[in-house]
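For the numbers below, each heavy atom of this structure counts, side chains included, while hydrogens, waters and symmetry mates do not. To find a chain, count down the sequence lines: A is the first, B the second, and so on, and within it residues start at 1.
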Number of protein chains: 2
Amino acid sequence: MDLKEAREQFIQAWGAFGSAWGINRSMAQVHALLLIAPEPLSTEDVMEELNISRGNANMNLRALIDWNLVQKVLKSGERREFFSAEKDVWKVATSITKERKKRELEPLVKLLDTFEEIPGASPEAKAFRKMTHDLHDLTTRLDTLLEKSVRRDVQWFVKAATTLLR
Amino acid sequence: MDLKEAREQFIQAWGAFGSAWGINRSMAQVHALLLIAPEPLSTEDVMEELNISRGNANMNLRALIDWNLVQKVLKSGERREFFSAEKDVWKVATSITKERKKRELEPLVKLLDTFEEIPGASPEAKAFRKMTHDLHDLTTRLDTLLEKSVRRDVQWFVKAATTLLR
DNA sequence: ATAAATTTTCAGTACTATTTGAAACTTTCA
DNA sequence: TGAAAGTTTCAAATAGTACTGAAAATTTAT
């Protein structure tokens, strides 16, 4: 396999991986392209490499900046903006974890919390309270765990936990 | 908020949560319904409660069985099949982790592995090798971590890790 | 201030994923 | 064995999501 083909495959795979985890394919592909780019790329570069429209490129670059996965880079003498991805994979993991925790986990924990005092003595009510309570407990623990591992740095955490489980 | 409303909200929320993480909405909703059901439900029950077609109900019940999240239950004197969800949330977490690891993480690790020996001395080749290598390392560690925590039981793991990070 | 370069927005279009519903198939029982 | 009850399949329809492209807005340079 040559470099060109490998790059292509990587971009496709990262896109598929992203979309299996609820991240839109183009956003993941733009991210992949920037991850393996030795130098910052312009919007035009992204459009050409991925064959996507200006609107799409722009939207996804902004989204990646929102997620703290990509930064704008100014080149002196250039008017255009260039974009560069964070290359430290542990920082990448931290950013993604942080964002998804905030977007999806926290709202769920909050909702489950409101279910704690649903009244009723029927089997339905009992089963509902038990399940939502247990899920609240699980998601809260997970939330705490992620919060701590994000703070302490994922790299250290994964190493420590892997050791713990040896 | 009364029970009926709360149940409805929970089913919707679990559906939304699932689809944000790449699990189809109906599958997650069927799962939610079974999670809070005090007794096993028939396909008809699921169809009525969620207002979905027979085909859809059948397909998603089978998918949930595939994921080890739901089991068929036979009721004596009944010809129909009934379905019951695993109620232990830690086992639920374990099943989901296992399945997603197998479906998405393992193939990615495998692909990244094939990139290890891409040739070339250009900045592009160097950047590509560096990034795919680092990702291979990260995903392998994650894979190992999940494998171990699945084996050892997620509950114990989360408690231990949370303590470790106190 | 003007105009060129660049970025952003968004209505319409294209694409993908999900769902339906009816036919085919299977199982059970009289 | 026949037929009723129940389950599964899958082509077509629908719904949901993402993308395009051109216009509007913004920025920069003279």
Side-chain angles (χ1 to χ4, degrees), chain A residues 11-34 40-67 70-84 100 103-104, chain B residues 11-34 40-67 70-84 100 103-104:
Chain A
I11 291 168
Q12 295 307 322
W14 199 243
F17 186 71
S19 68
W21 290 90
I23 288 161
N24 118 18
R25 191 203 306 304
S26 292
M27 179 169 153
Q29 287 185 348
V30 173
H31 187 217
L33 177 63
L34 291 173
L41 302 183
S42 67
T43 303
E44 296 277 344
D45 294 332
V46 172
M47 290 167 59
E48 281 170 25
E49 294 259 15
L50 302 178
N51 292 301
I52 61 176
S53 71
R54 184 174 301 283
N56 195 6
N58 180 266
M59 177 171 34
N60 286 305
L61 284 166
R62 275 186 301 113
L64 287 164
I65 291 170
D66 260 12
W67 283 60
V70 165
Q71 288 201 313
K72 280 191 185 181
V73 176
L74 302 170
K75 280 196 185 177
S76 64
E78 280 278 10
R79 183 152 157 187
R80 292 174 297 171
E81 294 170 340
F82 289 78
F83 302 91
S84 166
R100 306 221 63 181
R103 290 186 191 213
E104 288 113 23
Chain B
I11 290 168
Q12 295 308 321
W14 198 244
F17 186 71
S19 69
W21 289 90
I23 288 160
N24 124 14
R25 193 203 296 315
S26 293
M27 177 170 157
Q29 287 184 347
V30 174
H31 188 218
L33 177 63
L34 291 174
L41 302 182
S42 68
T43 303
E44 296 277 346
D45 294 334
V46 172
M47 289 168 60
E48 280 171 25
E49 294 261 12
L50 302 178
N51 293 301
I52 61 176
S53 71
R54 183 174 302 283
N56 196 6
N58 181 265
M59 177 171 30
N60 286 306
L61 284 167
R62 274 187 302 112
L64 288 164
I65 291 170
D66 260 11
W67 283 61
V70 165
Q71 287 199 314
K72 280 191 186 180
V73 176
L74 302 171
K75 280 194 185 177
S76 63
E78 281 277 12
R79 186 152 153 188
R80 291 174 297 172
E81 294 171 338
F82 288 78
F83 301 91
S84 166
R100 305 220 64 179
R103 290 186 191 213
E104 287 113 25

| said: Whether B:Arg54 contacts C:dT19 is assessed here as follows: a side-chain N or O lying under 4.0 Å from the phosphate OP1 or OP2. Is that the case? | reply: no
| Looking at the side chain of A:Ser53, which of D:dT20, C:dT7, C:dG21 is the nearest nucleotide? | D:dT20
| task | Mind calculating the distance between CE (B:Met27) and P (C:dA17) to the nearest angstrom? | result | 16 Å
| said: Check the orientation of B:Phe17 and B:Trp14. Use parallel for under 30°, tilted for 30 to 60°, and perpendicular for over 60°. | reply: parallel
| request: Please state how far atom CE in B:Met59 lies from atom P in C:dT20, giving the value in whole angstrom units. | output: 9 Å
| request: Let me know, please, whether A:Ser19 or A:Phe82 comes out on the 5' side of the other along DNA chain C by nearest nucleotide. | output: A:Phe82
| message | Does A:Leu74, at its CG atom, have more than 12 non-hydrogen atoms belonging to other residues, nucleotides or ligands within less than 6.0 Å? | response | no
| query | Looking for any heavy atom pair under 4.0 Å, which part of the strands does A:Asn58 touch: base, sugar-phosphate only, or nothing? | reply | base
| remark: Which of D:dT20, C:dA17, D:dG6 is nearest the side chain of B:Arg80? It is D:dG6
| query | With a non-hydrogen cut-off below 4.0 angstrom, is A:Arg79 in contact with a base, only sugar-phosphate, or nothing? | reply | base
| field | Closest to side chain of B:Asn24, choosing from C:dT9, D:dT8, C:dT19 | value | C:dT19
| query | Does the cation-pi check pass for B:Arg100 over A:Trp21, that is, NZ or CZ under 6.0 Å from the six-membered ring centre and within 45° of its axis? | reply | yes
| query | Under 4.0 angstrom, heavy atoms only, what part of the nucleic acid is B:Asn56 near: base, sugar-phosphate, or nothing? | reply | base
| CG of B:Asn60 versus P of C:dA17: gap in Å, rounded? | 16 Å
| task | Let me know the distance between CD of B:Glu78 and C1' of C:dC29, rounded to the nearest Å. | result | 15 Å
| Ion pair check, A:Glu44 and A:Arg54, cut-off under 4.0 Å | yes
| said: Counting neighbours of CD on A:Glu78 that are heavy atoms of other residues, nucleotides or ligands and sit closer than 6.0 Å, is the number greater than 12? | reply: yes
| Between D:dA22 (P) and A:Ile52 (CD1): distance, integer Å | 17 Å
| field | Interatomic distance, B:Asn51 CG vs C:dG21 P [rounded to whole Å] | value | 12 Å
| Please give, in whole Å, the distance from C:dT6 P to A:Arg62 CZ? | 19 Å
| message | How many whole angstroms separate atom CZ of A:Phe83 from atom P of C:dT8? | response | 7 Å
| query | Using a cut-off of less than 4.0 Å, is there contact between a side-chain N or O of B:Ser26 and OP1 or OP2 of C:dT19? | reply | yes
